[in-house]
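Ligands are counted one by one from 1 in listed order, and the atoms in each one are counted from 1 as well.
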Amino acid sequence: MTKPRVKKIFASVVDAIGETPLVELSRLTRGLDGRILAKLEYLNPGSSKKDRIARQIIEDAEADGSLTPGQTVVELTSGNTGTGLAIVCSVKDYRFVAVISKGNSPERARMMAALGAEVVLVDQCPGSQPGRVSGADLERVEQEAQRIVRERGAFRADQFNARGNFRAHYLHTGPELLRQSGGAIDAFCDFVGTGGTFAGCAAALKETNPAIRCFVVEPAGAAVLAGQAATRPGHRIQGGGYVMPSLPLLKLAQVDGYIQISDEDAMATARRLAKEEGIFGGFSSGANVAAALELLRTSCRGKTVAAIICDSGMKYLSTDLVE
Ligand SMILES: Cc1ncc(COP(=O)(O)O)c(C=O)c1O
């Protein structure tokens with residue numbers, strides 16, 4: 001098999017973003033009827049899928065003139081978008097300020113700092129717990145990001161609204177899934193933060209084959225997109241499940257169903273993924289694979305389900321994800 005990643009010398013590490021491998025999880029699916037195809041996004045340079053949107057948002061903004069040479073870039077991040085932006089901004093010579101909740105694992109802030117970012121840590125709300133970033137915690141980070149943008153006349157990457165977030169997955173991740181699988185995908189499920197990955201992939205997949213069913217994955221007890229009450233907003237699945245009832249990038253018409261995954265199931269599946277498949281992903285990767293397993297047991301029996309391994313388990317070494 002050819003390996004496109006090693007075929008040529010890239011001009012910079014930014015060109016090494018994307019074209020991640022697609023791997024069948026044949027050990028985890030033993031005894032089940034159907035296949036799970038996992039896209040290993042942790043093999044991107046910043047160890048997450050968010051490198052893709054960092055590149056797209058910056059390049060789109062350069063192209064339309066909203067980002068000018070020497071301007072500072074600011075973003076609210078749970079760490080992964082910030083790491084992607086730190087990489088892209090260091091290569092392209094922009095100063096980058098990452099605004100992050102103290103509720104995220106400390107590895108993330110340290111990695112961004114190592115990549116040259118200025119990291120601004122924002123306290124959680126009274127009563128919030130480290131490792132559990134709520135919508136209210138995120139609102140505090142948003143206010144601080146807005147203040148810094150005003151103060152410095154900066155460019156706000158704005159991943160919750162930027163078309164580049166959608167376009168990165170519409171132009172690349174989705175088409176890669178189709179090409180690498182030879183079009184043999186029946187369903188796609190994705191744990192939603194901004195909804196950029198879900199929306200971009202779902203648009204690309206359905207445009208090619210409208211029969212592909214796309215499922216939104218949410219934390220159990222925080223499934224507001226599915227119309228449920230938020231009884232447990234302080235879940236453990238970092239990077240999403242922010243209890244926002246609508247997301248600018250997410251079109252409900254693309255959603256064929258909703259799946260809820262508990263913290264325990266996300267974590268247990270991430271551990272199985274590491275021990276049985278040798279794939280070390282974070283909590284949300286565990287949630288995506290847990291959802292894909294659930295689909296094979298229920299409405300997608302006998303089918304092929306695609307799932308994203310969003311980031312690396314290395315980003316969670318300080319948590320109890322690792323036994
Ligand atoms: C680890 C992780 N998983 C899942 C997501 C959700 O992805 P999206 O924002 O594309 O919905 C994010 C987003 O930051 C993330 O960092």
Would you mind writing out a table of all protein N or O atoms found under 3.5 Å from any N or O atom of ligand 1, naming both atoms and giving the distance to 0.1 Å?
{"unit_1": "ligand 1", "atom_1": "3 (N)", "unit_2": "Ser284", "atom_2": "OG", "d": "2.7"}
{"unit_1": "ligand 1", "atom_1": "7 (O)", "unit_2": "Lys49", "atom_2": "NZ", "d": "2.8"}
{"unit_1": "ligand 1", "atom_1": "9 (O)", "unit_2": "Lys50", "atom_2": "NZ", "d": "2.7"}
{"unit_1": "ligand 1", "atom_1": "9 (O)", "unit_2": "Thr194", "atom_2": "N", "d": "2.8"}
{"unit_1": "ligand 1", "atom_1": "9 (O)", "unit_2": "Thr194", "atom_2": "OG1", "d": "2.6"}
{"unit_1": "ligand 1", "atom_1": "10 (O)", "unit_2": "Thr197", "atom_2": "N", "d": "3.0"}
{"unit_1": "ligand 1", "atom_1": "10 (O)", "unit_2": "Thr197", "atom_2": "OG1", "d": "2.5"}
{"unit_1": "ligand 1", "atom_1": "11 (O)", "unit_2": "Gly193", "atom_2": "N", "d": "2.7"}
{"unit_1": "ligand 1", "atom_1": "11 (O)", "unit_2": "Thr194", "atom_2": "N", "d": "3.3"}
{"unit_1": "ligand 1", "atom_1": "11 (O)", "unit_2": "Gly195", "atom_2": "N", "d": "2.8"}
{"unit_1": "ligand 1", "atom_1": "16 (O)", "unit_2": "Asn80", "atom_2": "ND2", "d": "2.9"}

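- Here Glu276 does not pair with Arg271 in a salt bridge; the nearest charged N to carboxylate O distance is not below 4.0 Å.
- Surrounding NZ of Lys206 are more than 12 heavy atoms belonging to other residues, nucleotides or ligands, all under 6.0 Å away.
- In this structure, Leu295 is a member of the same hydrophobic cluster as Leu25, with clusters built from ILVMFWY side-chain heavy atoms closer than 4.5 Å.
- Ionic pairing of Arg167 and Asp60 is present here: one or more N-O contacts between side-chain nitrogen and carboxylate oxygen are shorter than 4.0 angstrom.
- Taking the six-membered ring for Trp and the full ring otherwise, Phe215 and Tyr258 have centroids separated by 6.0 Å or more.
- Salt-bridge annotation for Arg236 and Asp320: present, with a side-chain N of the basic residue lying under 4.0 Å from a carboxylate O of the acidic one.
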